[in-house]
Structure formats: structure tokens, C-alpha cells
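Below you'll find the structure, written out as C-alpha cells, and then a few comments.
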Amino acid sequence: MSIAIAPKEPISADHPVVPQDRWLAARKSLLAHEKEMTRLRDQIARERRALPWVHIKKHYVFDAPEGKRTLAELFDGRHQLLVQHFMLGPDWEQGCPSCSFMSDHLSSGMQLHLAHRDTTLLVVSRAPLEQIERFRRRMGWDFRWVSSHGSDFNQDFGVSFSPEQIASGEVPYNYGVQAFPSEEAPGVSVFFKDDVGSVYHTYSTYGRGVEVMMGTYDLLDLTPKGRDERNPNWTMDWIRHHDRYETAPASRPAVAAAVAASGGCCHAQE
């Protein structure tokens, strides 16, 4: 896929510079809006928790390093399961760079904190387990990653599509129908298991909803340059696998070639 790289623009030299008292007044005005967003976020979280659940009756089996595991067994004795749907197809040589960016945030510390809130963290891809393990070793990740190869799990949860769907331009993704450039898509799903072992689907988010996993963006949003993403067709054109970044800024042709070689993937959708 050929991706046009938009030129980066410097921060405007005429950005307002004011005395401390005027800065403080402006900062307090912004703080009021930030508090509104915080309260709205809390309200949305309450509405999310109030969503009805769907009882999962289909028998899904996954390939894990320790052997075959059902969906219920992947909870590891906890009640809640968070799943990252990672874009790594059965015939892909490497995982999606943007999904890899997401997974870079899944530290062992995060996993420990989640476990102490009765929540297991898991990554799932449709590629065979051997292929997953090879890429995981290259990236140096320590989170649990299982294969849904041979099951309907990815299709049922809206993150894998048939060649016919892609060719038709009618892919069921992000609670609508749209064109999509890949057979795999990103997402995050949440499941709950009750004390008798029944499993329920409680929530899934797609498109820009997966930014919930991208803490780097939250920090960039605090900075003067922000995310500094200027390609309207693919905002994440700057992302590389963390072992593929240049040590110095690359020339524009080199960057374009690297992006094209990576086979652009997710996050162009809202």
C-alpha cells in the first residue's frame, strides 16, 4: 500500500507568549473544560458498566503455549477478561505496527495491577501459535498471547473478514458497514465469568476506541506539538515496530518506503 507522507510543519513562531498571570488565567479556564471532560468520562464509564450482557454459548478453543484452552479457562481464575484483538493474520510475516504500538503499553506492571482488580489481560490473534511466538520473541513482550486460528472467534467479534467481504467494500466493523483495507482489524473486548463458569460478552470497542490502550497518545496530547499527525488518510503513518525506528530522523523518501513496506493497517477509522 503506497502512503503519501504529509510534510511536518514547525510550531508557529508567533505563538502567544504572555506574563505568568495571564497564563494562569488561561490555564484555569482550560481546567474548567478538563473537569467537564473528567465528569463526562466518569458518566460514560457508568453507562458502559450498565450495558446488558450477552451469554457466550459457542465453544471457543484457543491454542496457548501450555496447550488448548477454552475461553472460560483463559480467565485464569478471575472474573474479568480484557482482550486485545491483535492484527496478525495466518499468512503475515509480522504483526500490524499500530497494534504493536498498542501492545507496547502492556507492561508486566499493568498486568499485575489488573490482576489485583480481578482482571486478566490477554492478546488474541488469528495467526497460528508458532507464528505468534516467533513475533513475540522478536518484540520482547511478556504478556499472554493466544491463537484463535481455526475458530470463529475473530469473525464473531468483528475483527476478521473474508476476502469476499473486503472485495465488496461492505465489512461489518465498528457497529456499521464500511470498506476496510485489511482482512484483520483492531479491537478491544471485555468478558465476565460468573461463579458457575458462565461467560458473558460485556463490551467491545473498535476504530479510535482502541486508543484506550495507547498511553503514549495521552502524553503527546499534553505537549505543544501534540500528536503531530498530518496525514488525513492514515494518521499513524509515523508508527514503527519498536525495533525498527531509525536512530536519527529519516529522509522523507526513506520514511515513505518504510511505510509502504510495512503494509499499512489500522487506525484510519473513527
Side-chain angles (χ1 to χ4, degrees), residues 1-16 30 33-34 36-37 40-41 44 84-89 92-105 158-163 165-188 204-246 248-270:
M1 180 182 296
S2 178
I3 302 295
I5 304 296
K8 301 296 183 183
E9 299 177 5
I11 298 177
S12 174
D14 60 357
H15 193 90
L30 175 61
H33 290 292
E34 290 176 335
E36 290 175 5
M37 185 176 70
L40 179 58
R41 179 178 176 176
I44 291 172
Q84 178 195 356
H85 300 287
F86 190 110
M87 295 170 64
L88 181 56
W92 293 21
E93 293 184 4
Q94 59 183 357
C96 161
S98 300
C99 288
S100 299
F101 175 68
M102 294 165 62
S103 291
D104 280 337
H105 294 82
V159 292
S160 289
F161 318 111
S162 69
Q165 287 175 314
I166 295 171
S168 73
E170 296 185 348
V171 166
Y173 183 61
N174 202 13
Y175 306 105
V177 176
Q178 59 186 276
F180 201 82
S182 172
E183 64 186 6
E184 307 292 330
V188 177
S204 287
T205 188
Y206 309 98
R208 287 197 63 181
V210 303
E211 286 184 10
V212 68
M213 291 183 58
M214 302 177 181
T216 298
Y217 271 154
D218 290 331
L219 295 179
L220 287 174
D221 285 344
L222 303 179
T223 68
K225 292 181 69 175
R227 301 184 183 189
D228 202 21
E229 296 174 328
R230 303 181 183 277
N231 184 342
N233 298 316
W234 183 23
T235 59
M236 299 185 77
D237 60 4
W238 64 277
I239 293 291
R240 304 289 179 270
H241 293 110
H242 63 237
D243 62 346
R244 296 294 186 266
Y245 277 109
E246 298 284 345
S251 65
R252 291 294 95 194
V255 172
V259 170
S262 72
C265 51
C266 62
H267 212 58
Q269 315 294 321
E270 288 293 322

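Taking CD of E183 as the start and CE of M87 as the end, the distance is 9.0 Å to the nearest 0.5 Å. To the nearest 0.5 angstrom, T205 atom OG1 is 11.5 Å from M213 atom CE. The CD atom of Q94 lies 8.5 Å from the CG atom of D243; values are rounded to the nearest 0.5 Å. In this structure, CZ in F161 is found 7.5 Å from CD1 in I166, a value given to the nearest 0.5 Å. Taking CH2 of W234 as the start and OG of S98 as the end, the distance is 6.0 Å to the nearest 0.5 Å. Note: M236 CE to N231 CG = 12.5 Å, rounded to the nearest 0.5 Å.
No option in C96, C99, S160 other than S160 meets the side-chain contact (heavy atoms from CB on, under 4.5 Å) test with E184.
Between I44 and R41 the shortest side-chain heavy-atom distance does not fall below 4.5 Å. Residues H105 and T216 meet the side-chain proximity criterion, which asks for heavy atoms closer than 4.5 Å. Counting only heavy atoms from C-beta outward, the side chains of Y217 and R208 never approach each other to under 4.5 Å. Using a 4.5 Å heavy-atom threshold, the side chains of S100 and F86 count as touching. Proximity of W92 to S182: side-chain heavy atoms (C-beta onward) are separated by under 4.5 Å at one or more points. Counting heavy atoms from C-beta on, the side chains of P186 and Y173 come closer than 4.5 Å.
L220 and T223 get closest at one heavy-atom pair: O-OG1, 2.7 Å. Pairing each heavy atom of Q178 with each of N174, the nearest pair is NE2-CB, 4.1 Å. The two atoms that bring Q165 and P172 nearest to each other are NE2-CD, 3.6 Å, heavy atoms only. Annotation for D104 and H242: closest pair OD1-ND1, 2.7 Å, computed over non-hydrogen atoms.
The aromatic rings of H85 and Y206 sit parallel, their planes meeting at an angle under 30°, below the 60° perpendicular limit.
Taking the six-membered ring for Trp and the full ring otherwise, Y245 and H241 have centroids separated by 6.0 Å or more.
For E93, the CD atom counts as loosely surrounded, since its 6.0 Å shell holds 12 or fewer non-hydrogen atoms of other residues, nucleotides or ligands.
A salt bridge is defined here as a Lys NZ or Arg NE, NH1 or NH2 lying under 4.0 Å from an Asp or Glu carboxylate O, and E211 with R227 meets this definition.
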